[in-house]
Structure formats: structure tokens, C-alpha cells
Amino acid sequence: MVGEFNGDGKPDIAVDNVVSLGSPSSLGSVGVLFGNGDGTFQALPGYASGGSQADSVATGDFNGDGRLDLAIANLCLGPGADCSTGTIGLLSGNGDGSFHLLSIVESGPYTNAVAVGDFDNDGKADLAVANYCKGNGDCSTGSLTVRLGKGDGTFRPATVYGSGTRPYSVAVGDFNRDGKPDLVVANDCAPASCGYGGWLAIYLGHGDGTFDPVGGYNSGGYYAESVVVGDLNGDGKLDLAVANVASNVGYGGNGRVAVLLGNGDGTFQPAVPYDAGGMYAWKIAVGDVNADGKLDLAVATNYGLVRVFLGKGDDTFPVWSDYTIGSAAFSVALQDFNGNGKPDLLVTSDRGTSVLLGKGDGTFEAQTNYLVAGLEMAIGDFNGDAKPDVALNGGDVFILLNVSSGNVQTTTALTSSPNPSRYREDVTFTVTVSGTGANPAGMVTFRDGAKSLGTGTLNSGVATLVTSTLSAGRHSITAVYGGDANYSGSTSAVLKQVVLAPPSASTTVVETSGSPSMVKQLVTFTATVSSPDGPIPDGELVTFSDNGVVLTSISLAGGVASYSTSALKAKTHVIKATYAGDATFKPSTGRVTQVVVKYSTTTVLSSSPNPSAYGQRVTFTATVTPTGPYPLTGTVKFWDGTTAIGTAGLHNGVAKLSKSTLAVGTHPITAQYLGDAVSDKSTSSVVNQGVQ
């Protein structure tokens, strides 16, 4: 596991062991190697792990002092103790490469693995722990426990989730791209049977410290031992790479490396397996070893072979190289240990720890061996000299400090823009390294806590890094200058970068005070805007529109905005209310149909004289009566059957038309009121006008 433990800006490595190889006690322990910045390391005394049979190590700032600490997963409480309760031993970093025991946290039965993340978005490190058994002596399946940190080295009570059979590894990543950490656990088998193969269990986070177990996937082999997370095909979606102990049931055949491409919604495609090159593939690492911008894989096997797979940037790893280490290679890491910008290979085995310096083309030089053996590791800068150091669980926690090569002291200043930033927005980190004389040269590593964000090359003492990968929440960013032949390394003060959470979904619902309504009747439209993630702030705008034409914008109060109008014309209206959204809540729109109708009328027709003589003037009188409160306007059209014979305007509800040209015979006369803006049309009954 990679981290920075001594504040010198240089990555260090922490490794754990099942048994204490370098101590007279049988307590589990962790060792740390401090690098010299050239691919070699120094050794310091070790530290007990806070339990026995340590099996995993992770890094994080658990007590809020800004220094990197270690979390060690111990299978048991102590020598001879009942392993039905494992522990997480917390070693607090002193900033100079030394540690002291911070606390011992009881975990689940037979604790196998630990990972660190901020699962409830409070800026404090939390723990995800994989346990071999689920409790009460039942080891038919394992468990995943999540403990939320208080920021003082203590943790809240555990939340327990079911897992597969014999979980061995846990990793953190945002699999559904909602800005909230998710978890994946590698298990020997599925919960029901080992005949199916290894099992990767997925847990989607809510961002409040709780998770939804959403099922799992075959791991592409048998007895999944470890899992890592990375964007292996460059599509912006996190993928999984897993090391499987065997290729078939019963621990037979070579181990298997498998890749599961992520769909970006929390689901994954079926595993694509590759031969690990040896039996019992234990651990896997990810990095770009040939500088092509595409992630590669390295896997360690129990028979001393390490296989490095070169990725094509899609979903295939067709080229690989093999390196023989020892009789049993346990753990593997990819990291630039000698400061030349090329990832190196570090492998722990039963014969010690081996470093193979990378050539930058996907191959590595001959190994350099160290006597400290271990199972797992963490890498970080433990003494602040900007060079990677190694923590090995080799009986004790062994710390090997770095030595800066330069003599002139430097200072490193770090700024960012924008701050705060939005989720997935580009953030530019700018570092300025100052020293007496000419400008310092070399590389600067940008770190988010213990995690490396990337590197930049100094140009006139300035280097920048642009990233949009920061998760929502508060980030402790540092810039670590590694020094050069003339200048010593230095580390900036911690920069607090705030990343605003991705907007939450909102819902807008529109209601009408009544439909249908009459013309000129006051109608009130009420828009209610809500979100499952909290109340919508007062004062934010909702815009009402009628068939696409904006009517007005109203401020929300208590999540409600209302608009009243009596100006709607007689027709069918689609009233839309649109919430504009903000940095916290996404926009949303609601619709309601409003039917507006006119008041009905009644038209009565009379004629005089009737019958009339040919050529005599006949007066037709139409009387229109409204049902609404508004005076009638408009005209009346008179018809002789289907032939219009004239129109007349209404005066006080009466329209008259006189005719003297009617032919001899009977004429079916009707009067049709044509309506106005408020009152509707109506037609009289037929009046038969006789002409003699």
C-alpha cells in the first residue's frame, strides 16, 4: 500500500506479514522501507501491528494531524487469542518516518483486509474491512464491515454486510459515477458454492456511510485473492482487475488475471481472463510502465514469477513479460522509486523484498534484493523528502528513510483554481519551488492525502497539474518536490481543496386550482420542487410558461412557487414550470394541462310581420342571453337555410336585420350569435317566414 508517512513528500511503502519474522513474539507486524530516491532503501526498527497474523495494510490520516498513519488488518487479537475477533491496528505517523501505536480497533472474525476512504463525506478517514467469517463460528460466508472515523483515531460502531465465501481483498472506487465511494470485495467463492469460481461482490455507496449490496460477478478464475481499480480502457469508467489463485476448482492450474470493464452505472461486463504465468496468483498492481498513457498490470505468483501485462488501452493485454523473484512472490507494486519518471517494480517474497528498476518501455532491470520479507505492503513518503519509501510487514513494521541528495534548502508553495470546484470540473494546481540561486529543477508529485494525483516537471521553478478526477468532499492536497543534484526536496503546506457534490436530482410537480376554468376566471398554478437529498433553498426561481411562451418567474418558498392569472384565452394550455437548478440540485420540469372555456349563450329569433307580402319589409330580431357576468359584444349572422342573408351588431343583447327581397314561399330563418372573447356561440331555433 502506497502512502506518505514522514512528511518528506516522498512515497513510502507499508507491508504486512502473517507471522512476525523479525521479532521474538508471534504478534503480527508491519515493516516500512525508506527509499534513498535511487531505487535502494534503508532500514529502521519495526513496530508491532496491534494483533497477530497481520494480513493487510492501508494508509490514511486517522487522527486528523495531517500525517499519514497505517491501518493493519490482523487476523486475530493476539498470540493464542480467539480469532473470532480480529483487529485493525492503527499506527500513528510522527512525520519523521517513525510511528507509535494510536489505537486497536476490534473488527470482524478473522480479519483479512482493510481499505480506507471517506464514505460519509465528512473529511475523515473511514475503514472498510473484509472478514473471513460472518460471526458466531459461521465461516460458510464472510462479511464486510464499515466503520466511520471520528477523526481522532476512534471509530463508530461497525455496519456489517454479507459477502461471499472467504473474502481476501477490498478496494474503493466510484463505479456508478455519482461522486460517492463504492466498494468491491474479492472472495474465494460465491456465497453459495465454490464451483462457480471466484466472486467479486459490489457495494454501491449512498455517500452517508451506508452501502447497497448489488450482487457480484464471476472473477474469471477460482479463489479470487486481490482486486484493484482503474480505468483500463480509457473510457472514463472505472474497471476491475483481479488476481485469481487458480484456473480451476481444487487449486489446479496456473493462476488467472481477469479484467472486468465497468459500464459506468455500477455494473460490469463479464470477466476476460489471462494466464498469470504461475500457480497461485496472489496480488495484482496497476500502473503505466511503458509511458504510453495506458494502464498496465503486474501480478505476483506463489512460485516466484511476476508477470507484467502491457495494456492496449481498450480491454486487452496481449503482451507480457515474466520476471523470476523467489520461491514465493506475495505482493507487488508499481512506483517510481528512483525519481526518473519511470515506474519500477517492487515485489515481496519469502526470500525478501526485490526492486526492479523500470526502463520506461515496459521492461525492468535486474532485481535488487533486501532481506526483509513480507506479505503485503504500503508505499508512501514517510519522512517528507519526496522519495518513495517502503513499509513491509516483515515481523515488525520496518521503516527505511530516504536521504535527499541536494544541499540547498527549498520551499514549496501550492495554489489551486477554482476552489471550491464542482464535481468533475477541471482544477489547476500550481506549485512554485524556491531556493537560493538558480531555479530548482526536477519533478513535483501532487498528492491527495496518500494518493498520487500525478506529477509535473518544474519550468523556471513552476509546475502545474490539471485534474477533474477529485471526488466530492474536502481534499488535503500537497505538492512534493523531490529535489535535484543541488536542491533538497520539500513539501508544501496542506491545501484544502473543496469539491462540491454533484447536483442531486430534483422533481417539479405542477397543480392547477381547477380545470376546466372559464375565461377571465382566476386560476392558480402551484409548483412544488423537491429532492430526496434535502430541501430546495428558498429564493431560487421557477419559471412558468404557456405553450412555450414565458409567463413569469417566481421565487421558491418552502419548496413551493405559485402563479395566478385570469388572462388565459379560451383554449387548451400546457402550463410548464421549470426549476432552474443550482450547484446542489439538478434542474427539473413539471407540466399540467389547463382547459379554458367560454360562457354559454342562448339565442332566440322572432320576425315581423309573419307572414309578409312579397316586397314587404320583414324585420328579424335576435335576442342573445349570456350565462356569464360580462356584457355581450359581437355580431349575429342571419341565415335562410344555408344561405347567409346578412349580419347585425349586438346592442344590449339584441340584433336586428330587415329584408324586403324575400321570394314568395316559406323561408327557414335562423340567427347565429358568433360569440366574443368571453361568451360562446349559439344558434336560434328555425323561424319559418312565409312570404305571400
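Position 1 is the first residue of the sequence, and the numbers go up from there.
For the pair Asp69/Asp61, a side-chain contact is recorded, criterion being any heavy-atom separation below 4.5 Å from C-beta on. In this structure, Pro213 and Tyr203 have side chains that are in contact, with non-hydrogen atoms separated by less than 4.5 Å. Looking only at side-chain heavy atoms (C-beta outward), Phe211 and Thr159 stay at 4.5 Å or farther from each other. Contact check for Leu495 versus Thr415: no side-chain heavy atoms found under the 4.5 Å cut-off. Here the side chains of Val184 and Ile202 are in contact, with some heavy-atom distance below 4.5 Å. You'll find the side chain of Leu357 reaches within 4.5 Å of the side chain of Val355, heavy atoms only. Here the side chains of Val259 and Asn233 are not in contact, with every heavy-atom distance at 4.5 Å or above. Looking at Phe364 and Val308, their side chains come closer than 4.5 Å, going by heavy atoms from C-beta outward.
For the residue pair Ala71 and Leu90, the shortest heavy atom distance occurs at CB-CD2, 3.7 Å. Arg156 and Arg147 make their closest contact through O-NE, 3.1 Å (heavy atoms, listed as atom of the first residue, atom of the second, distance). Minimum heavy-atom separation, Gln497 to Ile477: CB-CG1, 3.9 Å. Listed here is the closest heavy atom pair of Phe62 and Leu102: CB-CD2, 4.4 Å. For the residue pair Val332 and Ala285, the shortest heavy atom distance occurs at O-CB, 3.6 Å. The two atoms that bring Lys342 and Asp336 nearest to each other are O-OD1, 3.3 Å, heavy atoms only.
Judged by distance alone, the side chain of Tyr487 and the main-chain N or O of Pro440 form no donor-acceptor pair under 3.5 Å. Using a distance-only test at 3.5 Å, with no hydrogens or angles considered, no donor-acceptor pair links the side chain of Asp212 to the main chain of Val214. Formation of a donor-acceptor pair under 3.5 Å by the Asp448 side chain with backbone atoms of His475 is not found in this model. Remark: the backbone N or O of Val498 is paired with a side-chain donor or acceptor of Asn419 at under 3.5 angstrom. Remark: side-chain polar atoms of Ser226 are not paired, donor with acceptor, to backbone N or O of Ala186 under 3.5 angstrom. Although no hydrogens or angles enter the test, the distance criterion places no donor-acceptor pair under 3.5 Å between the side chain of Thr412 and the main chain of Ala479. A donor-acceptor pair is defined here as one N or O able to donate and one able to accept, closer than 3.5 Å; no such pair exists between the side chain of Asp288 and the backbone of Leu295. Here the side chain of Ser107 pairs a donor or acceptor atom with the backbone of Gly86 at under 3.5 angstrom. Judged by distance alone, with hydrogens and angles left aside, the side-chain atoms of Asp239 form a donor-acceptor pair with the main-chain N or O of Gly262 at under 3.5 Å. In terms of modelled atom types and a separation under 3.5 Å, the side chain of Asp174 and the main chain of Gly179 share a donor-acceptor contact.
Here CG of Asp118 is found 9.0 Å from CG of Leu148. Values are rounded to the nearest 0.5 Å. In this structure, the separation between OH on Tyr47 and CG on Leu101 is 12.0 Å, given to the nearest 0.5 Å. Atom OG of Ser434 and atom OH of Tyr481 lie 11.0 Å apart (nearest 0.5 Å). Taken to the nearest 0.5 Å, the CG atom of Leu200 stands 10.0 Å off from the OH atom of Tyr217. Of the inter-residue distances, the one linking Ile88 atom CD1 with Ile72 atom CD1 reads 8.5 Å to the nearest 0.5 angstrom. Taking OG from Ser421 and CG from Leu500, the interatomic distance works out to 6.5 Å, rounded to the nearest 0.5 Å.
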With a 3.5 Å cut-off and sequence neighbours excluded, list the donor-acceptor pairs that the side chains of residues 119-131 form with protein atoms.
from   : atom 1 : to     : atom 2 : distance (Å)
Asp122 : OD1    : Lys124 : N      : 3.0
Lys124 : NZ     : Lys150 : O      : 3.4
Asp126 : OD1    : Gly149 : N      : 2.7
Asp126 : OD2    : Phe119 : N      : 2.7
Asn131 : OD1    : Gly108 : N      : 3.1
Asn131 : OD1    : Thr111 : OG1    : 3.1
Asn131 : ND2    : Ser143 : OG     : 3.3
Asn131 : ND2    : Thr145 : OG1    : 3.4

Donor-acceptor list for residues 424-431 side chains, cut-off 3.5 Å, not counting sequence neighbours:
from   : atom 1 : to     : atom 2 : distance (Å)
Arg424 : NH2    : Arg177 : O      : 3.0
Glu425 : OE1    : Arg422 : N      : 2.7

Residues 452-470 side chain polar contacts: donor-acceptor under 3.5 Å, at least two apart:
from   : atom 1 : to     : atom 2 : distance (Å)
Thr467 : OG1    : Thr469 : N      : 3.2
Thr467 : OG1    : Thr469 : OG1    : 2.8

With side chain to side chain donor-acceptor pair (under 3.5 Å) as the criterion, how do Ser504 and Lys586 come out once you've worked through the C-alpha distance, each side chain's angles and the decisive distance to 0.1 Å? CA-CA 6 Å; Ser504 300; Lys586 295 179 180 179; over 6 Å; no
side-chain contact (heavy atoms from CB on, under 4.5 Å) evaluation trace for Ser92 with Asp65: CA-CA 9 Å; Ser92 178; Asp65 63 357; 4.1 Å; yes
For Thr478 and Ser492: C-alpha separation, side-chain torsions, deciding distance, then whether side-chain contact (heavy atoms from CB on, under 4.5 Å) applies. CA-CA 6 Å; Thr478 55; Ser492 71; 4.0 Å; yes
Run the side-chain contact (heavy atoms from CB on, under 4.5 Å) check on Asp208 and Lys180 step by step: do they pass? CA-CA 9 Å; Asp208 59 0; Lys180 302 167 185 176; over 6 Å; no
Working note: Val242 + Leu260, criterion side-chain contact (heavy atoms from CB on, under 4.5 Å); need CA distance, chi angles, decisive distance, verdict. CA-CA 8 Å; Val242 57; Leu260 291 82; 4.2 Å; yes
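Between Leu144 and the choices Val170, Val160, Asn187, the side-chain contact (heavy atoms from CB on, under 4.5 Å) rule is met once, by Val170.
A donor-acceptor pair shorter than 3.5 Å cannot be found between the side chains of Thr348 and Ser331.
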